[in-house]
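Below: the structure, in structure tokens.
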Amino acid sequence: MNEITKAYLPNEVESEIAQKWAAAELGHAVGKVKKNVFTMMMPPANVTGALHLGHAITLTIEDILARFERMKGKDVLWLPGTDHAGIATQNVVEKRLLEKGISRDNLGREKFVEKVWEWKDKYHARISDQIKKMGASCDWSREAFTLDDDRSAAVTHAFVELYKKKLIYRDKKLVNWCPRCQTVLSDIEVEHREEEGNLYFIRYFVSATDRSICVATTRPETMLGDTAVAVHPDDRRYQDFIGKTLILPIVNREIPVVADARVDPKFGTGAVKITPAHDPLDAEIGRTHKLPSIVVIGPHGKMTKHAGRRFVGMPLHEARKAVVKYLDDIGNLEKIEKHAHSVGHCSRCDATIEPLESMQWFVKMQPLAEKALKIVKKGQIEFVPARFEKEFTRWLDEIHDWCISRQLWWGHQLPVWYCKKVPEFADKKNKKKEGCQRMIVSETPPKKCPTCGNLSLVRDADVLDTWFSSGLWPFATLGWPKNTKDFKTFYPNSVLETGYDILFFWVARMVMLGAEFTGKAPFKTVYLHGLVRDEQGRKMSKSLGNGIDPLAMIEKYGTDALRLSLVVGSTPGTDLKFSETKVTGQRNFVNKLWNASRYVFGVLGDKKIEIPSDPAPHGLPDRWILSRLNRLILEANQSFEKYAFGEAAAKIQEFVWSDFCDWYLEITKDTPNKKLLAHVLAQILRLSHPFIPFATEKLWEKFFPNAKKPKLLATEKYPRSLKAHINPKIEEEMQIVIAIISAIRSVRNEMNVEPARQIAAVVYAGKFEPFLKKQSSEIKKLARLSSLVVKKSGKKVENAVAKFEAGLEIYLPLAKLLDPKVEKKRLKADLKETEIYLAVIQKKLANEDFTARAPKNVVDAERAKLQFVEEKIQKIEERLKILK
RNA sequence: GGGUUUGUAGCUCAGUUGGUUAGAGCGCACGCUUCACACGCGUGAGGUCAGAGGUUCGAAUCCUCUCAAGCCCACCA
């Protein structure tokens, strides 16, 4: 017996179906010919992370695409992978080790990295399992990791190539330093937030006079490192001061007053203290005026010895208090005002970012951005939604150099070595010759210094920004820089799907590096999904405690329900408000589909079933469902074409629940057309498979109860519309049938007719009479009628409830049940509503401009409506007369 | 400061190139053990389409402005 459970039980089904797919190597891409391939790289998940809703939406959308393209007959390569996620992973492992009382420094670099690898191996299995749980039909045989051998080789190659092209350089600059992570960050890894702070006004006196300038600052502690005060060259207030020397309070250092147009005379006092070591603008002004740079804040966020004996070693916030107090004591603090300003935070740990001067590695972005822009402007990359193209190009237009070195241990160590040969005879004569400081950039570790032959070379300790390796992802995953078969077959990628929050972090870098290294756009389409938010539209975060665990949702409602809840009612690039109710709603839908199928299989019986590709319709309902189905197929395919997955899913659901279950199945229950049922159900399963892979695959098995090795639904062909079946006339006729049934049900409800009671009905159907007659048994069943008379027209029916719907006259002779008062009230309400409608139409038609200028078909439609409504009103009025 | 998105029923959202009495789901109300499904079925209530102008015979839809919320970018000390 082909048993199907009454309710869909996702947990059992899912593990069984997942095994089936795995055994069939569903996700495996053939990769023999370049033609007819579809390539998509999974955004590499943080290897130590656990599945969250961001992954869930990514995997859902990508799997929908992959399954759809596969069913369209493409050789689909959806390549999964994980990211070593430099800072994030190092932070996590460090924290765990500290809990055991082990510090990173005690362990040493080599041992620490070993520990991280252990960690990686353990958690890699977890995230991979979770990806599988989502139903992801990706190609595990080609899985990649940003730090595996092939990817590392690609990274080294890319670095060395860029260095050779002079697109990578080393320089001492003011960079973003995270005092907690103890590393520099790139500009986009700094999140700016408006914060309430103070503006401190400090008075600086001109040397040996009692004249003074007042400067305004939000960070008074940096005054210890001031090396000038700047004013706008045209500022009348300060003309006399330019060129003079001021005495820096506390420190008592002499600093000049310089004139610089970058100073805004309207801000504060119009005079700015200049701290080149700790502020980006100050650094620039310092450079133009050749000012010295004094570092008063160290890498741990503590004051350095240059800050003076009194402050050395103090953490920043303490130093601020101390400096302010000191200034106040000596009478140099003018006032303090409240002031909101933007403060940079580390995107990984939220610590306040310190601008520090430091020697780092950078990518020169201008030439790379230009190539990327050219590609986009030529239209070689399509953005979905299109508005992101603008954002993308604007960012590239204003690009800054990318700081790529990180002071971490976990990552791709720079392929850079330094010759540190110490002069054997450190006398003045030999120093130059023997103290070789040669830098070597090489894909393979150099054995000796090419300049001086020294054997003890020291490798640069820094590693690369995680996003450097991710930037190579579309081709490094395919074996690049080797010209592999996969690279030749699957590059460029078809679609890049990810969240819009990493447009600059990731997408832009891939486009630039792809253009640079492969000479083409790495993908044809960029699809960006929105962020998943909570019911109130807030970001989900641990601190708010509003996060929903996708795995818990899977446990409770099944993966299919979770997937649907993430796509239905969502549009590309728009944030999605997520809630558990959405998942329950979708669980209900999956169950509905399950039960509709259960019914169909029950009708079909246990015999071997052929699924007919184009079975013959028997009556109006058959023709109608075929018309609706093929219209749906057409629309679903169109929605897919424009990446409107939510729209496609919603249309399918609407069809299944309303057209198929509520009407078709109900109306054909007495005379089911087995072949047609099998066909429609099969098409529904195929259509919805990309969205609801598990339940549909399980149901598909039921078509082949005795087959040893039935074909997978996942490898079926996606339905194509048989347009000949789309028939507006049939749909209109069925609409009349539906209208009659609904009208009778409505009246029954209003008149409180018990559901079980069968009543009689008379319908005067006019031109609809011929086909309605044929449907009378169905109408009787669904409207619970004891008898139904359908005529073109006839005399008034006494003692009956009357309903005028869609040009029909419907009479329900309820005899004793009829209360004239209630019926009168009901008819009057209907009359009133209809009269309002009539007024609207009359007003329109009375407008000569409308009748003269609107297209003829619109005017005609309006006239037809008028007639229709007038007739209805007349009928209601007649009826009311009878009731007196 | 620049850019951008959103504002439609209590909530989440559909509304194609302007032409129906503006739709769906959830929630709500009433009624149903109808033999696929109570994770269900039927019926219903509920909206000045953020506001103000404008274009048009006709605007939720196009234009302008205003208001509100969100996001991105920017070196305002």
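We name chains A, B, ... by the order of the sequence lines, and we start the count at 1 in each one.
Atom CD in Gln586(A) sits about 12 Å away from atom C1' in C13(B), given to the nearest Å. Taking atom NZ on Lys556(A) and atom P on C39(B), their separation rounds to 14 Å, with Å as the unit. If you measure from atom NZ of Lys582(A) to atom P of C13(B), you get 5 Å, rounded to the nearest angstrom. Taking atom CD on Glu580(A) and atom P on U12(B), their separation rounds to 17 Å, with Å as the unit. Leu566(A) has its CG atom 14 Å from the C1' atom of U12(B), to the nearest Å. One interatomic measurement links the two molecules: CH2 of Trp657(A) to P of G42(B), which rounds to 10 Å at whole-angstrom precision.
A cation-pi arrangement is present between Lys669(A) and Tyr599(A), with the terminal nitrogen or guanidinium carbon under 6.0 Å from the aromatic centre and inside a 45° cone about the axis.
When heavy atoms are screened at a 4.0 angstrom cut-off, Thr834(A) is found touching no nucleic acid atom at all. Here Pro855(A) lies in heavy-atom contact (under 4.0 Å) with a base. If you check every strand for non-hydrogen atoms under 4.0 Å, Lys592(A) touches a base. In this structure, Asp501(A) reaches neither bases nor backbone, as no heavy-atom distance under 4.0 Å exists between it and the strands shown.
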Reading 5' to 3' through nucleotides 69-77 of chain B, protein heavy-atom contacts under 4.0 Å coded B for base, S for sugar-phosphate only, - for none | ---SS-BBB
Per-nt protein contacts along nucleotides 43-48 of chain B (heavy atom under 4.0 Å; B base, S backbone sugar-phosphate only, - none) come out as SS----
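For A24(B), its base never sits under 3.5 Å from the side chain of Gln653(A) at any donor and acceptor pair.
Rounded to whole Å, the separation between the P atoms of G10(B) and U20(B) comes to 24 Å.
Within a 6.0 Å radius of CD in Glu848(A), no more than 12 heavy atoms belonging to other residues, nucleotides or ligands are found.
Taking side-chain N and O atoms only, Lys577(A) has a distance below 4.0 Å to OP1 or OP2 of C13(B). Contact annotation: Lys669(A) side-chain N/O to C35(B) OP1/OP2 distance is not under 4.0 Å. Listed pair Thr571(A) / A14(B) meets the phosphate criterion, a side-chain N or O lying under 4.0 Å from OP1 or OP2.
When both pairing distances are held under 3.5 Å, A59(B) makes no Watson-Crick or G-U pair with any nucleotide shown. If you check G23(B) for Watson-Crick or wobble pairing at under 3.5 angstrom, you find it paired to C13(B).
The aromatic ring centres of Phe691(A) and Phe640(A) sit less than 6.0 Å apart.
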